[in-house]
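The structure under discussion appears below in the form of structure tokens.
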Amino acid sequence: MFTIATWNINSVRLREALVARLLTEEAPDVLCLQEIKSPVEKIPLEGFQALGYRHIVARGQKGYNGVAILSKLPLADAGDRDYAGLGHARHVAARLENGVTIHNFYVPAGGDIPDREQNLKFGQKLDFLTEMRDAFHADNPARSIMVGDLNIAPREDDVWNHKALLKIVSHTPLEVEHLGAAQDAGKWVDITRKDIPDGRLYSWWSYRARDWDAADKGRRLDHIWATPDIANAGHGSRILRPVRGWEQPSDHVPVLARFDL
DNA sequence: ATGGTAGTGGGACTA
């Protein structure tokens with residue numbers, strides 16, 4: 001049995017103490033971080049190692065993006081891909097000793113205008129998702145878990161107001177369709193929704209809201225998927241809403257699952 | 001319809 005968490009940390013150096021608090025309070029075996037905004041050599045590893053997280057596989061860059069997998073269990077680096085040729089650190093994979101492969105993704109946010117003719121970033125987001133689809137189709141993943149900030153809330157109950165967000169990047173039908181194609185290509189099962197099928201679920205609340213908790217205008221942008229051969233081992237999914245209320249928080253909160261393997 | 005906040009790095013860009 002092992003537990004896995006995913007969290008867009010929005011600067012791992014600024015929020016080193018928050019990461020340490022999560023590792024102390026929840027002690028997931030594996031923590032996948034996105035938006036570390038740091039080169040690999042500047043990730044503050046010493047404190048994490050002192051808490052038992054001695055294994056790391058990461059890809060970083062200065063100032064933007066960046067993904068890291070911290071683990072109490074031994075990890076082998078399983079490579080990365082430059083989806084859509086952006087040259088960004090948005091994907092890394094690692095393998096556990098039990099043969100489970102973990103993919104950690106940070107899908108581009110896609111800018112504000114949901115039209116690739118008017119907004120280059122939106123086109124890049126769609127291209128990134130299309131290349132994810134093609135890679136999953138070619139690789140036919142098995143015994144795999146994929147987590148990350150996918151920057152799309154696919155279901156009506158993954159957003160605070162479905163109708164109001166249909167033209168808002170992160171919930172447009174075109175993005176949902178692209179994400180669904182990537183999910184289908186790898187036969188991925190949404191573990192969070194397998195465990196918690198009903199009701200609204202959010203993992204992100206904008207910094208721009210005056211009172212995020214009272215307004216509760218959230219979206220479920222952070223996901224944990226697994227291939228069908230191990231999906232029924234996934235249990236106990238949680239989204240740690242209170243973390244959004246920690247001091248100087250990320251705008252995302254951790255999403256967790258347990259795998260009885 | 002608009003603008004609201006946050007991080008990096010000390011601009012303007014990204015989210």
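Proteins get letters first, then strands, A, B, ... in listed order; numbering begins at 1 in each.
Using atom C1' as the reference point in both B:dG9 and B:dT14, the two lie 13 Å apart (nearest Å). Rounded to the nearest Å, the gap between the C1' atom of B:dA1 and that of B:dA12 is 25 Å. Nucleotides B:dT2 and B:dA6 have their P atoms positioned 23 Å apart, rounded to a whole Å. Separation of the P atoms belonging to B:dG3 and B:dG7 is 22 Å when rounded to the nearest angstrom.
Tested against A:Trp225, the residues A:His103, A:Lys187, A:Lys194, A:Gln183 include a single side chain to side chain contact (heavy atoms under 4.5 Å, CB included) partner, A:Gln183. Just one of A:Asp149, A:Leu18, A:Val255, A:Leu240 meets the side chain to side chain contact (heavy atoms under 4.5 Å, CB included) condition when paired with A:Trp7; it is A:Leu18.
What separates CH2 of A:Trp204 from P of B:dT5 is a distance of 14 Å, to the nearest Å. Atom CG of A:Leu221 is separated from atom C1' of B:dA15 by 11 Å (rounded to the nearest Å). Rounded to whole Å, atom P of B:dG7 lies 9 Å from atom CG of A:Asp251. Between the P atom of B:dT14 and the CG atom of A:Asn151 lies a distance of 14 Å, rounded to the nearest Å. Summarising the geometry, the separation between NZ on A:Lys217 and P on B:dT2 is reported as 16 Å, rounded to the nearest angstrom. Atom NE2 of A:His252 is separated from atom C1' of B:dA6 by 12 Å (rounded to the nearest Å). Note: CD (A:Gln34) to P (B:dA6) measures 21 Å, nearest angstrom. One atom, CD of A:Gln61, and another, P of B:dC13, lie 17 Å apart when rounded to the nearest Å.
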Close N/O contacts between protein and nucleotides 8-11 of chain B (under 3.5 Å):
| residue | atom | partner | partner atom | Å |
| --- | --- | --- | --- | --- |
| B:dT8 | OP1 | A:Ser11 | OG | 2.3 |

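When the shell of 6.0 Å around CD of A:Glu41 is examined, it contains more than 12 heavy atoms from other residues, nucleotides or ligands.
Heavy atoms of A:Arg90 sit under 4.0 angstrom from primed sugar atoms or phosphate atoms, though from no base atom.
The 5' end of DNA chain B is approached more closely, in terms of each residue's nearest nucleotide, by A:Arg15 than by the other of A:Arg15 and A:Asp149. Along DNA chain B, the nucleotide nearest to A:Gly110 and the one nearest to A:Ser206 differ in position, and the one closer to the 5' end is contacted by A:Ser206.
Judged by a 6.0 Å distance limit and a 45° cone about the ring axis, A:Arg116 is not positioned over the six-membered ring of A:Phe122.
Under the 4.0 Å criterion applied to side-chain N and carboxylate O atoms, A:Arg241 and A:Asp213 are assigned as salt-bridge partners. Between A:Arg238 and A:Glu26 a salt bridge is recorded (basic side-chain N to carboxylate O distance below 4.0 Å).
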Check step by step if side-chain contact (heavy atoms from CB on, under 4.5 Å) holds for A:Phe259 and A:Val100. CA-CA 11 Å; A:Phe259 285 85; A:Val100 170; over 6 Å; no
